[in-house]
Amino acid sequence: MEAKIGKLVESVGSFFSGGDTIPWCTRDIIAGCEREVAEAANEEQKSDSIMRLSWALVHSKNQEDVNRGIGMLEASLGQSNSPLQTREKLYLLAVGHYRNGDYPRSRQLVDRCLEIQPDWRQALSLRKAIEDKIAKDGLIGIGIATTAVGLLVGGIAAIAARKK
């Protein structure tokens, strides 16, 4: 019985906390990536360093960092040299939009990744996290609407009862 209650509490906690498995990045890692970009010896190293910095930024808990990462990725998307590089940038853009709560845009971008490589597990995992968030947000919205209607009906009933 206690095990069932524990699982229930865990699933409710996971429902409200989001429960995704996308990693977070610290400010220290971002600072290290920024130094790496500044110290890059040639264009190839700089390009690789910028990709690492973009990864760190979109995985940040800081909204400004995420937006900066999205901007960097959008600016460099047209300069991709290969489908693999395009796929990586689209995925990171999808992560950034997911972090910003723009789930429809994130889903569009991850679907574009999956057009390039349909069996890419990382993109499939992100797509599932996006779908879960959309479903959760829908359930919360329905719950709020139901509560509002219940309060309205209860208020009307209370007013009607007072008039009698």
Side-chain angles (χ1 to χ4, degrees), residues 3 6-144:
K7 285 184 180 182
L8 175 65
V9 169
E10 183 179 313
S11 68
V12 170
S14 175
F15 178 81
F16 285 107
S17 68
D20 65 60
T21 58
I22 300 167
W24 293 102
C25 192
T26 66
R27 188 71 199 128
D28 292 338
I29 293 171
I30 293 169
C33 291
E34 288 170 334
R35 273 191 306 278
E36 192 180 304
V37 170
E39 296 169 358
N42 58 45
E43 283 304 311
E44 184 179 345
Q45 285 180 348
K46 188 172 184 172
S47 178
D48 290 344
S49 297
I50 288 172
M51 276 301 292
R52 282 190 288 281
L53 176 58
S54 298
W55 183 95
L57 289 169
V58 299
H59 286 86
S60 173
K61 289 186 177 187
N62 182 316
Q63 197 72 33
E64 291 174 13
D65 289 341
V66 173
N67 289 334
R68 188 170 143 221
I70 289 171
M72 289 173 64
L73 289 160
E74 286 175 343
S76 70
L77 190 58
Q79 303 163 1
S80 298
N81 298 330
S82 70
L84 178 65
Q85 198 175 53
T86 300
R87 179 199 78 172
E88 290 290 327
K89 290 178 181 180
L90 288 170
Y91 174 79
L92 291 175
L93 278 167
V95 170
H97 286 287
Y98 176 83
R99 292 284 191 226
N100 279 342
D102 187 355
Y103 306 125
R105 179 71 179 135
S106 182
R107 182 172 38 189
Q108 288 173 345
L109 291 163
V110 83
D111 285 346
R112 286 179 57 194
C113 290
L114 292 169
E115 288 172 9
I116 296 169
Q117 187 176 350
D119 60 342
W120 191 25
R121 288 186 183 189
Q122 211 171 350
L124 291 168
S125 176
L126 177 57
R127 186 153 202 276
K128 181 173 180 351
I130 294 165
E131 297 298 332
D132 290 349
K133 281 282 193 181
I134 290 171
K136 181 182 100 172
D137 286 355
L139 286 174
I140 290 172
I142 289 169
I144 290 169

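Small disclaimer: the values here were computed from a predicted structure and weren't measured.
Under the 4.5 Å side-chain criterion, counting only non-hydrogen atoms from C-beta, L57 is not in contact with L92. No side-chain heavy atom of R112 sits under 4.5 Å from any side-chain heavy atom of I116. V95 places none of its side-chain heavy atoms less than 4.5 Å from the side chain of Q122. Side-chain atoms of I130 and L126, non-hydrogen and from C-beta on, do get closer than 4.5 Å to each other. Looking at I30 and S60, their side chains come closer than 4.5 Å, going by heavy atoms from C-beta outward. No side-chain heavy atom of H97 sits under 4.5 Å from any side-chain heavy atom of R107.
Remark: K46 NZ to I50 CD1 distance equals 5.5 Å, nearest 0.5 Å. Between the NZ atom of K133 and the OG atom of S106 there is a distance of 11.5 Å, given to the nearest 0.5 Å. With values rounded to the nearest 0.5 angstrom, Y98 atom OH is found 11.0 Å from H59 atom NE2. Atoms CG and OG1, from N62 and T26 in turn, are 12.0 Å apart once rounded to the nearest 0.5 Å. Between the SG atom in C25 and the CZ atom in R99 there is a gap of 10.0 Å [rounded to 0.5 Å]. In this structure, the separation between OG on S54 and CG on D65 is 11.5 Å, given to the nearest 0.5 Å.
When every heavy atom of R87 is checked against every heavy atom of L84, the shortest pair comes out as NH2-CD1, 3.1 Å. Contact detail for L114 and A123: the closest heavy-atom pair is CD2-CB, 3.7 Å. Counting all heavy atoms, side chain and backbone alike, L77 lies closest to T86 at CD1-O, 4.3 Å. When all heavy atoms of M51 and E88 are compared, the pair lying nearest together is CE-CB, 4.1 Å. Residues S80 and Q85 approach most closely at CA-OE1, 3.1 Å, considering heavy atoms. Closest heavy-atom contact between Y91 and C113: N-SG, 3.2 Å.
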*Could you walk me through whether K128 and D132 pass the salt bridge (charged side-chain N to carboxylate O under 4.0 Å, His left out) test, one step at a time?*
CA-CA 6 Å; K128 181 173 180 351; D132 290 349; 3.0 Å; yes

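In this structure, R127 pairs ionically with E131, as a charged nitrogen and a carboxylate oxygen lie closer than 4.0 Å.
Applying the side chain to side chain donor-acceptor pair (under 3.5 Å) rule to N67 yields the partners N100; only residues at least two apart in sequence or on another chain are considered. In this view, Q108 and R105 satisfy the side chain to side chain contact (heavy atoms under 4.5 Å, CB included) rule, not counting sequence neighbours.
Without hydrogens or angle criteria, K89 side chain to S76 main chain gives a donor-acceptor distance under 3.5 Å.
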